[in-house]
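Counting starts at 1 for both ligands and their atoms, in listed order. Sequence positions, counted from 1, serve as the residue numbers for this chain.
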Amino acid sequence: MKVIVTGGAGFIGSNFIFYMMKKHPDYDIICLDSLTYAGNLSTLKSVMDNPHFKFVKLDIRDRDGVYKLFEEEKPDVVVNFAAESHVDRSIENPEIFLETNIIGTSVLMDACRKYGIKRFHQVSTDEVYGDLPLDRPDLFFHEDTPLHTSSPYSSSKASADLLVGAYGRTYGLPVTISRCSNNYGPYQFPEKLIPLMIQRALNNEKLPVYGDGENVRDWLYVEDHCKAIDLILEKGKPGEIYNIGGHNEMHNIDIVKLICDYLDKPYSLIEHVTDRKGHDRRYAIDPDKIHKELGWLPETMFKDGIKKTIQWYLDNKDWWENIISGDYQNYYEEMYGNRKVLDKD
Ligand SMILES: Cc1cn([C@H]2C[C@H](O)[C@@H](COP(=O)(O)OP(=O)(O)O[C@H]3O[C@H](C)C(=O)[C@H](O)[C@H]3O)O2)c(=O)[nH]c1=O
């Protein structure tokens, strides 16, 4: 089995490569990644010399490059993790989100059509469903919940999902889609809530919580997510969508306080700042379908996953210190500097 993993030098993609190489040591894995700011070759150093692994630096928008790769490699399966994924960046600069997330996905699927494929799997997000109100804890996203996006990021992912469905129906491409909730774990780029707060708390820097901090996210340990995708590749039905949630809803402010507690840092570091534009209030997935049909359930309790994650960032300071130096630091200071500190009451 030959699997192309796009975006494999990023957070979820790299964790998926590690998971697959352990679970299926006989599979050949090709990582296709353009190494944007969020992709890191150093993340993949433990697999670089494995004869079943190959890294190819390529942008999924590069049609000629993608076709050439497919012609040479004749992959059986493509799992598309490659995406611009950060909501705040999409609000500042939507264009690259549309190009990579929509056009890039269509280029990959055109290559699949041209060279043949057993499965094209699209890694998507629960953000395509929009948000749920805080005062209706009885409501959850289901696979047939209407798409109702808020940000340029989620709109680009929803557009890609629609295209994937269309390629399945019109061209008979064997496609599946998964929509996950918020992932956390090792190798996450420190612009996302959990690693950002860990890294800043360790440096005794202010912890910027958007708005009142009551927004809810459903946290999924990245390895559980990887297991679910592997199951979908093995047992999922072409044409189907599977939601993958952690069944673990938490308010942002509680996560930030928990990180302070683990790192023995004072809550006085926490600063409520201008809210994200269009900020989704609550995400919550009902994982019933993937549980009933494929037997998947999240295995990692949040209290264990967050401990493992914090410990990983403590043990791998070199990895993230390297990443946040230089350009990223300047970018972050600019973004963060634009946010006003809100009064406490
Ligand atoms: C960076 C940051 C975030 N936040 C808030 C904003 C959100 O309510 C929550 C999580 O934010 P983050 O940007 O880490 O993740 P989401 O916007 O929920 O989106 C993430 O999860 C979905 C499923 C994807 O599909 C996205 O690709 C992924 O980025 O913390 C703050 O309060 N302060 C901060 O400095």
**OP:** Start with the C-alpha gap between N80 and T105, add the side-chain angles, then the distance that decides, and say whether side-chain hydrogen bond (donor to acceptor under 3.5 Å, both in side chains) holds.
**Re:** CA-CA 8 Å; N80 184 25; T105 301; 3.3 Å; yes
Review point. Would K265 and N204 count as a side-chain hydrogen bond (donor to acceptor under 3.5 Å, both in side chains) if you check the C-alpha gap in whole Å, the side-chain angles of each, and the deciding distance to 0.1 Å?
Key: CA-CA 8 Å; K265 299 289 178 183; N204 298 309; 2.8 Å; yes
For this session: Evaluate the side-chain hydrogen bond (donor to acceptor under 3.5 Å, both in side chains) criterion for residues H24 and D230: first the C-alpha distance (whole Å), next the side-chain angles of each, then the deciding distance (0.1 Å), finally the verdict.
Result: CA-CA 10 Å; H24 307 284; D230 183 33; 3.0 Å; yes
- Can D286 and N243 be said to form a side-chain contact (heavy atoms from CB on, under 4.5 Å), step by step? CA-CA 7 Å; D286 176 1; N243 285 346; over 6 Å; no
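When non-hydrogen atoms are compared, ligand 1 lies under 4.0 Å from the side chain of D126 (C-beta onward) but not from its backbone. With a heavy-atom cut-off of 4.0 Å, L196 touches ligand 1 through its side chain alone.
Taking all heavy atoms of R217, E127, R89 into account, the minimum distance to atom 19 (O) of ligand 1 is reached by E127. Evaluated by nearest non-hydrogen atom to atom 14 (O) of ligand 1, the leading choice among D131, N182, L193 is L193. Atom 8 (O) of ligand 1 has its nearest heavy-atom neighbour, among H279, E271, M250, R179, in H279. For atom 13 (O) of ligand 1, the choice among R276, E191, K192 with the nearest heavy atom turns out to be R276.
Near P208, meaning under 4.0 Å from one of its heavy atoms, ligand 1 places the atoms 31 (C), 32 (O), 33 (N), 34 (C), 35 (O). Applying the 4.0 Å criterion to heavy atoms of V209 picks out, from ligand 1, the atoms 32 (O). Annotation for ligand 1: atoms under 4.0 Å from non-hydrogen atoms of H86 are 13 (O).
Looking only at atom types and distance, the side chain of T149 has no donor-acceptor partner in the side chain of K157 under 3.5 Å away. Side chains of D110 and Y167: a donor on one and an acceptor on the other come within 3.5 Å. Residues Y283 and N215 have side chains that never bring a donor and an acceptor to within less than 3.5 angstrom of each other.
The shortest N/O to N/O separation between Y153 and ligand 1 falls below 3.5 Å. In terms of polar-atom proximity, defined here as any N/O pair under 3.5 Å, D88 makes no such contact with ligand 1. Considering both main-chain and side-chain atoms, D280 never comes within under 3.5 Å of ligand 1 through any nitrogen or oxygen pair. Looking at ligand 1, you'll find an N or O of T125 within less than 3.5 Å of one of its N or O atoms.
Among all non-hydrogen protein atoms, the one lying nearest atom 26 (C) of ligand 1 is S85 O, 3.4 Å. Summary of contacts: the protein heavy atom closest to atom 3 (C) of ligand 1 is Y210 CE1, 3.6 Å. Closest to atom 5 (C) of ligand 1 among all protein heavy atoms lies N252 ND2, 3.4 Å.
Although no hydrogens or angles enter the test, the distance criterion places a donor-acceptor pair under 3.5 Å between the side chain of T6 and the main chain of A82.
A cation-pi geometry, defined here as NZ or CZ lying under 6.0 Å from the six-membered ring centre and within 45° of its normal, holds between R339 and Y210.
Under the 6.0 Å cut-off for aromatic ring centres, Y331 and Y37 do not qualify, their centroids lying 6.0 Å or more apart.
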